[in-house]
Amino acid sequence: DGIVAARDPHFFPGQGLPPHRPDHLLLFEADEPDHFEQVDATIATKIEALLCHRSQWETTMKIDARSPDADGQRAAFARRIREEAAAAGAAAGLTQAEAFKRIDDL
């Protein structure tokens, strides 16, 4: 539980941060999102980071590293992530966004 970890001084002592209680929690892949974060400036970094998880290429990203079209499959995955960000952004009046369910009553 991230909330417990944040307020417990024994979790992540090397971070150098004081214990705290978060003001809210953001849940991703929510059925009913109500909070949107603009990601125009970070979407390329997100895609690059996701593609670093080679163990997830085949099952999650539909990329077969052995395929002669692996580059095309990576490009298709990147397009899919950008399209999802554009769809979430359109719902919030933004160019590109990530959608979350925000919980304030912690």
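Sequence positions, counted from 1, serve as the residue numbers for this chain.
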Quick check for you: to the nearest 0.5 Å, what is the distance between [X] atom [atom1] and [Y] atom [atom2]?
X	Y	atom1	atom2	value
Leu26	Arg102	CG	CZ	6.5 Å
Leu27	Glu32	CG	CD	12.0 Å
Glu84	Ile43	CD	CD1	9.0 Å
Thr95	Asp40	OG1	CG	4.5 Å

Would you say the side chain of [Y] lies within less than 4.5 Å of the side chain of [X], judging by non-hydrogen atoms?
X	Y	answer
Glu98	Phe28	no
Leu51	Ile63	yes
His24	Ile103	no
Gln73	Asp64	yes
Leu25	Lys101	no
Arg66	Glu58	yes

_Asp23 (side chain) donor-acceptor with Asp104 (main chain) under 3.5 angstrom_ = no
*Are the side chain of Trp57 and the backbone N or O of Lys62 linked by a donor-acceptor pair below 3.5 Å?*
no
So which heavy atom on [X] is nearest to which on [Y], and how close?
X	Y	result
Ala30	Phe100	CB-C, 4.5 Å
Ala65	Ala70	O-CB, 4.0 Å
Ala97	Ala88	O-CB, 3.3 Å
Leu50	Met61	O-CE, 2.9 Å
Ser55	Thr59	O-OG1, 4.3 Å

*Should Phe36 and Val39 be counted in the same cluster of Ile, Leu, Val, Met, Phe, Trp and Tyr side chains packed under 4.5 Å apart?*
no
